[in-house]
Structures are given as structure tokens and as C-alpha cells.
2 protein chains.
Amino acid sequence: MLTIGTLAKRTGTKVQTIRYYEQIGLMPEPDRTEGGQRRYGDAELDRLAFIRHSRQLGFPLDAIRELLDLTDAPDRPCHEADEIARRQLKLVEQRMERLKALRTELKRMVKECSGGNAAQCRVLEVLRDHSECLTEHDQIGA
Amino acid sequence: MLTIGTLAKRTGTKVQTIRYYEQIGLMPEPDRTEGGQRRYGDAELDRLAFIRHSRQLGFPLDAIRELLDLTDAPDRPCHEADEIARRQLKLVEQRMERLKALRTELKRMVKECSGGNAAQCRVLEVLRDHSECLTEHDQIGA
DNA sequence: ATACATCCTCTAGCAACTGGAGGTTCAAGA
DNA sequence: TCTTGAACCTCCAGTTGCTAGAGGATGTAT
């Protein structure tokens, strides 16, 4: 049986995060010692590893919840998982597009800065005036 | 003089967001009508446009605060603004690298899915077992 | 004079954690 | 067996950058 600290180390998670996952129902309530401390088995280790890996791939917790439901029901058709992964892929691709535009703009700003003082700073000027931008970058969220 | 709603429309900001910026000291406290409604002038319009444009380029509010300080003090040397922009550029480039790795992994997952049921789903399998991943993707934050 | 869009303040919520206070439990060494 | 001290417990608040809603006041046009 693993303590929460050991589980944390093994999965590269913070202890508080594990408790948080329990609180929101993503991790089950584990066994406890007489004194009330959590003790975990291998099933929980696997589950947490799955969650963390999915998080590393950028899946939101809601999506991970759905994926976990699927692993718990091996008979259900796979296309749901496929769907979720495709959705995530699309999101990643959108974000990349957006970041590409930002990078272009930022590079240009930095390159044009000739090191005077704030009054004639190109960086500040570009920020002041959107029309100086060559690319579109209209969303704000990440 | 502009109402908050007009200011919002002109800058593509929500009304609440403007009030929020005021609350955190990013926007100044504007004049008020006798009845207590906010009225804005052109300086505030410019300032908000600056903020919004910076947000579109991904600058966090803290960085924007520094940039605004610089525009308010035109004598200060420009390299601070340059620094901030370079920092932001670096961040964007890091994120792009990370997303590239994620995209690779997700593409592979989706491609290998042959459409059976959950038990033999490649998507779920890859998520279960990190060692199936070819690329590094070890940070979690966006 | 009245309608009604817009404004006001205040509070709470989102995602996904993270940190700390203040107190208990567990395991190892003397 | 006792004692130390690391690791555990619960609960609450904070992070970032907004967004939504309740419940009520104001401003403007007819």
C-alpha cells in the first residue's frame, strides 16, 4: 500500500493535487489507516498515471473524466475516445496557428527596437496601434 | 465623453472587463455623472486599446502594467519594454515547441485507432502507458 | 411621464491547481 | 518504550483573467 506522498512521487503529482482530484471525484476515495491517512493500491496508481499523462497531452479534466469512463467500460465502442482525441488535436492545432501569428508579431517588434527611450520605442508603438500589425491575432484566450 | 458601453464596443471589450481593469488598478477611476455613471475620454480609450492589443499578443496583465508605466514615462530607456517583449516571445516559442510535441503524439494516437471497442483502443492504451510516447511532453501548464 | 436600455455594486463562479495555518499520525532510532 | 520529526490531515484562501447574475438606479427618447 502506498502513502499519498509515495503516490505523488511515483506519478510526478503534488500531494495537494491528488487530494483535489479526489475532491472533484476524478480519483476514488481510498482506504484509510486507523489514524485516517490515505493508502493507495496499484489500481489507483494506474488511474492517476492515466490522468497525469492525459493532462500532459493537454486534455481538460472533463475530457479525462470521459476517457476514464471508457476505460472502465471496455465494451463500449472506441469512437468516443477517438472523438475526444480528435477534438483535442484540433484544439492544439488552433493554438499553434495562433501562436505562430503572435510569434511573427513579437519578433518584428523586438527586431525593430533600436534601443532609444520609451518615447520612440517601437515595441510600445506597435502595442499602441493595432493597425501596425501584419497578421491577425484576434482571440485572447490561450 | 463615452459611456462604458461605448468604450466597450469601440475596443472590443466587455463592460465587466473594463470595470475589472479599474478594480485592479490597470485602468484609472474615470469621471462620473451626477448619478454615478462612468464617463471616459480619449486618453482612456487609448489606454484600453493598448491593454487589449497587448492581451491579444498574449502579454499577462503584470507585463502590461509595466509597459503602461513605460508609456507614462517617455524618458525612461526603452530596453525595459524590449526585455518584456523578448520574454513574451520566448514564452510563445516555448509553448509552440510544446504544442508541436503534443500534436505529434495526438496525431499518432488518432491515426492508429482502428475503431474497435474501448478494450483495444489505441487512444486509451497510449494514455495508459506513457512509454508509448515518442516525444517528450513533460510540462502541464499551457 | 413613461418605458426600457444601459448603468451601478456586489457576489460568486470558471479551470486546475497551489500554498499555508494549525494540528495529528506514523515509523525509525535511542 | 519513548521521542523525534517527516509526512500526513482538514480547511480556507489565492492564483489568472475574466464572466455571469441579482437586484436596483440612471439616462434618454418619445
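In what follows, every chain begins at residue 1, and chains take the letters A, B, ... in the order their sequences are listed.
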Item to check | side-chain hydrogen bond (donor to acceptor under 3.5 Å, both in side chains) against B:T71, all qualifying residues, sequence neighbours excluded | outcome: none
Item to check | DNA chain C contacts made by residues 42-49 of chain B, counting heavy atoms under 4.0 Å | outcome: none
Checklist outcome for this item: When rounded to whole Å, the OH to C1' distance for the pair A:Y20 and C:dA16 reads 5 Å
Next on the checklist: List the residues meeting salt bridge (charged side-chain N to carboxylate O under 4.0 Å, His left out) with A:R87, not counting sequence neighbours, and say none if there are none.
Outcome noted: none
Next on the checklist: Run the salt bridge (charged side-chain N to carboxylate O under 4.0 Å, His left out) test against B:K100 and tell me which residues pass, sequence neighbours left out.
Outcome noted: B:E97
Checklist outcome for this item: Here the ring-ring contact (aromatic ring centres under 6.0 Å, His included) pairs for residues 48-104 of chain B, sequence neighbours left out, are A:H130-B:H53, A:H137-B:H53
Next on the checklist: Can you give me the bend angle of the helix from C:dA1-D:dT30 to C:dA30-D:dT1? Use the axis through the first five pairs and the one through the last five, nearest 10 degrees.
Outcome noted: 10°
Checklist entry - Does B:R55 put a side-chain nitrogen or oxygen below 4.0 Å from OP1 or OP2 of D:dC18? => result yes
Checklist entry - Residues from residues 83-91 of chain A sitting under 4.0 Å of DNA chain C, heavy atoms only? => result none
Next on the checklist: Using the side-chain contact (heavy atoms from CB on, under 4.5 Å) criterion, which residues pair with B:D31? Sequence neighbours excluded.
Outcome noted: B:M1
Next on the checklist: Which nucleotide wins on minimum distance to the side chain of A:T3, given the candidates C:dC7, D:dC8, D:dG17?
Outcome noted: D:dC8
Checklist entry - Any ion pair linking A:R38 and A:E29 (charged N to carboxylate O, less than 4.0 Å)? => result no
Checklist outcome for this item: Contacts satisfying salt bridge (charged side-chain N to carboxylate O under 4.0 Å, His left out) that involve residues 41-51 of chain A (not counting sequence neighbours) are A:R47-A:D72
Checklist entry - Do any of residues 25-39 of chain B sit with a heavy atom less than 4.0 Å from DNA chain C, and if so which? => result B:R32, B:G36, B:Q37, B:R38
Next on the checklist: Would you say A:R19 places a side-chain N or O within less than 4.0 Å of OP1 or OP2 belonging to D:dC12?
Outcome noted: no
Next on the checklist: When you measure from the side-chain N and O atoms of A:Y21 to the phosphate of C:dC17, is any distance below 4.0 Å, counting only OP1 and OP2?
Outcome noted: yes
Checklist entry - Under the salt bridge (charged side-chain N to carboxylate O under 4.0 Å, His left out) test, which residues partner A:E83, sequence neighbours left out? => result none
Item to check | Listed partners of B:R122 passing salt bridge (charged side-chain N to carboxylate O under 4.0 Å, His left out), at least two apart | outcome: B:E112, B:E125, B:E132
Next on the checklist: Nearest to the B:P60 side chain among D:dC9, C:dC17, D:dG17, which nucleotide is it?
Outcome noted: D:dG17
Next on the checklist: Under 4.0 Å from OP1 or OP2 of D:dG17: is there any side-chain N or O of B:K14 that close?
Outcome noted: no
Next on the checklist: Heavy atoms only, 4.0 Å cut-off, all strands: where does B:I24 land among base, sugar-phosphate and nothing?
Outcome noted: nothing
